[in-house]
Amino acid sequence: MIEIKELKKIYGHGKNKVVALDGIDLNIKPGEIFGIIGLSGAGKSTLIRCLNMLEKPTKGKVIIDGFDLTSLSGDQLRSVRRRIGMIFQHFNLLWSRTVADNIAFPLEIAGEKDKGKIEARVNELLDLVDLSDKANAYPAQLSGGQKQRVGIARALANNPKVLLCDEATSALDPQTTGSILELLANINKKLGITMVIITHEMAVIKAICDKVAVIEDGKIVESGPVFDLFTNPHTKTARRFISTINSTELPDVILERQKISRGHSKLIRISFIGSSAGEPIISDMIQKFNIKANILYGNIDHIKNNIFGTLTVQLIGADSNTSQALTYLEGLGLKVEVINVE
Amino acid sequence: MLSSAITQYLTTQGLQILVATGQTLQMVFLSVIFSYIFGLPLGIILVTTSPGHILENKTFNQILGAIINAARSLPFIILLVVIIPFTRFLVGSSIGTLAATVPLTVSAIPFVARMVETSLKEVEWGIIEAALAMGATPWQIISKVLLPESLSSLILGATITTITLIGYSAMAGFVGGGGIGDLAMRYGFYRYQLNILLACVVILIVMVQVIQMLGEKLASLVNKK
């Protein structure tokens with residue numbers, strides 16, 4: 001549905017040159033919810049603005065639904081844009097229009113003159129975002145979550161195939177964020193719209209995205225299914241994002257204690273995915289290798305019904321025994337890491 | 001006998017003040033309308049051709065800006081005399097209330113253009129960006145976003161313009177335009193008739209107060225933000 005090829009965006013010239021996007025390649029399939037995560041300044045906002053040409057790319061191609069947007073101009077671009085919905089961090093609603101008139105706005109833009117048709121479509125959308133009772137309210141009278149619902153209804157008015165979400169929940173509290181993400185997931189399921197979600201919050205990616213790309217300094221440093229990123233991150237940036245919601249860092253006190261007793265113990269972190277989460281691995285290990293295990297930290301999580309988790313354990317016993325235990329765990333297909341306390 | 005003389009005196013003066021009030025209102029009303037007919041599009045062009053905006057054109061924008069600045073720096077009293085031939089061409093005479101409307105309008109156009117520019121610049125860029133993302137044309141953005149979103153601010157700008165023009169209209173006496181300000185000068189100032197001066201000042205104060213009040217009321221009525 002969306003193909004991005006060698007996309008580059010450079011601001012300014014000569015000394016003031018800033019490379020915002022440095023060769024982005026992405027392929028987003030129809031119906032997918034694709035997350036792009038990065039810190040502020042990483043280039044994610046520029047990237048999403050290049051998708052509908054709010055920013056003109058310096059180089060590269062953006063192909064949406066078969067149209068190469070970089071080659072279109074004027075009227076052609078406008079007609080393609082009408083099939084791409086967009087929602088924003090600060091909602092960007094028209095203050096002078098009521099909720100219903102805000103939702104009617106893109107229909108007017110697209111040239112719809114039939115008042116009855118507009119009204120019918122607006123009512124349908126109000127129902128979809130559960131705001132039928134606010135049809136005649138002005139944006140200033142709404143809460144943040146309600147404003148974003150209006151934004152979503154407005155973005156869907158012209159039946160777009162793609163919905164671009166630019167930090168759509170970053171101005172909302174966690175509870176409202178949850179309800180907006182739920183709404184987006186439902187819309188994706190119901191209408192099959194492809195969604196691109198830009199965010200700096202890992203929780204957003206985890207909650208609704210199928211795939212994710214991590215962007216840093218204008219480059220995609222890692223991308224793939226969200227589950228893979230959580231269970232097997234390759235880059236430091238990805239790990240740092242994951243640790244914002246699943247902290248596996250040990251408290252300093254425990255590390256200090258380990259330093260003292262490291263002569264006869266090892267600190268290990270076991271990551272498990274899916275079915276192995278259900279087996280009595282630890283007790284088996286204790287019996288087999290005559291060691292003691294002190295469980296320090298554990299967590300278990302799931303992404304779209306796939307279970308994964310980590311367990312941090314202190315193994316106490318002779319070096320040869322603990323080494324054998326590690327080999328045993330690895331033999332079971334678990335990812336085992338020895339934590340260095342230096 | 002004496003009382004009827006006083007009554008007559010007062011009536012003559014009262015009539016004069018009434019006529020002058022009418023002249024002021026006519027001059028101000030017409031020049032506000034005409035200055036907006038020309039100033040509003042100029043203000044829109046100033047904003048939309050500015051860097052990064054929907055019809056960006058740097059050279060054109062700078063030239064237009066320079067012309068507007070030049071026009072604004074010309075003192076009104078000089079403009080009043082300089083454009084006499086133009087006035088005569090336009091209304092057939094260089095003297096009278098209608099004739100005074102021409103320099104008032106000409107001097108107000110660049111002022112209005114800047115007022116409109118300031119109002120339109122208050123519209124958050126995000127809203128314009130949202131309209132662009134929907135595939136809006138420049139004209140749709142101007143008519144459906146920029147103007148409706150800044151309506152409240154535009155009304156306050158028009159209020160300031162109107163009050164400024166009331167002040168300027170006092171100088172219209174130089175070209176026989178009449179009006180309250182002129183009356184105050186001729187009778188109150190030159191002939192030292194303090195009562196007329198006072199009456200004129202009171203009328204001007206009331207006029208300004210009423211316009212300011214109406215403007216603010218209307219602006220807050222359309223402001224949904």
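Below, chain A is the first sequence line, B the second, and so on; all start at residue 1.
For the atom pair A:Lys59 NZ and A:Lys5 NZ, the distance stands at 14.5 Å (nearest 0.5 Å). With rounding to the nearest 0.5 angstrom, the CZ atom of A:Arg154 is 11.5 Å from the CD1 atom of A:Ile152. Here the CE atom belonging to A:Met86 is positioned 11.0 Å from the CE atom belonging to B:Met134, to the nearest 0.5 angstrom. With values rounded to the nearest 0.5 angstrom, B:Gln23 atom CD is found 9.0 Å from B:Leu183 atom CG.
The 12-atom threshold is not exceeded at CG of A:Asp130, counting heavy atoms of other residues, nucleotides or ligands nearer than 6.0 Å. Around OH of A:Tyr11, the count of heavy atoms belonging to other residues, nucleotides or ligands within 6.0 Å exceeds 12. Counting non-hydrogen atoms of other residues, nucleotides and ligands closer than 6.0 Å to CD of B:Gln209 gives a total of 12 or fewer.
Residue B:Val222: no heavy atom, backbone or side chain, is found under 4.5 Å from chain A. With a 4.5 angstrom heavy-atom cutoff, B:Glu124 touches chain A only via side-chain atoms. Neither the backbone nor the side chain of A:Leu77 comes within less than 4.5 Å of any heavy atom in chain B. Both the backbone and the side chain of B:Glu149 come within contact range of chain A, each with at least one heavy atom under 4.5 Å from a heavy atom of that chain. For A:Arg83, no part sits under 4.5 Å from any heavy atom of chain B, backbone or side chain. For chain A, no part of B:Ser152 is nearby; none of its heavy atoms comes within less than 4.5 Å.
In this structure, A:Lys147 is not positioned above the aromatic face of A:Phe91 in the sense of NZ or CZ being under 6.0 Å from the six-membered ring centre and within 45° of the axis.
Remark: the B:Ser153 side chain and the B:Ser119 side chain contain an N/O donor-acceptor pair separated by less than 3.5 Å.
For B:Glu117, the side-chain contact (heavy atoms from CB on, under 4.5 Å) partners two or more places apart in sequence, or in a different chain, are B:Leu46, B:Val47, B:Arg114, B:Lys121. The side-chain contact (heavy atoms from CB on, under 4.5 Å) search around B:Phe76 returns B:Leu79, B:Leu80, B:Pro103, B:Leu104, B:Ser107, B:Tyr168, B:Met171, not counting sequence neighbours.
Among B:Ile141, B:Asn223, B:Val123, B:Thr137, the residue making the largest number of heavy-atom pairs under 4.5 Å with chain A is B:Thr137. Between chain A and the residues B:Ala136, B:Gly126, B:Ala133, the most heavy-atom pairs under 4.5 angstrom are made by B:Ala133.
Residue-level contacts of residues 94-118 of chain A with chain B, in order of numbering, are A:Leu94, A:Trp95, A:Ser96, A:Arg97, A:Phe105, A:Pro106, A:Glu108, A:Ile109; threshold 4.5 Å between heavy atoms. Using a 4.5 Å heavy-atom cut-off against chain B, no residue of residues 63-75 of chain A qualifies as contacting.
With A:Lys44 contributing its side chain and A:Leu39 its backbone, the two residues share a donor-acceptor pair below 3.5 Å.
Contact record, A:Phe34 with A:Asn27: CE1-O, 4.3 Å, taken as the closest heavy-atom pair.
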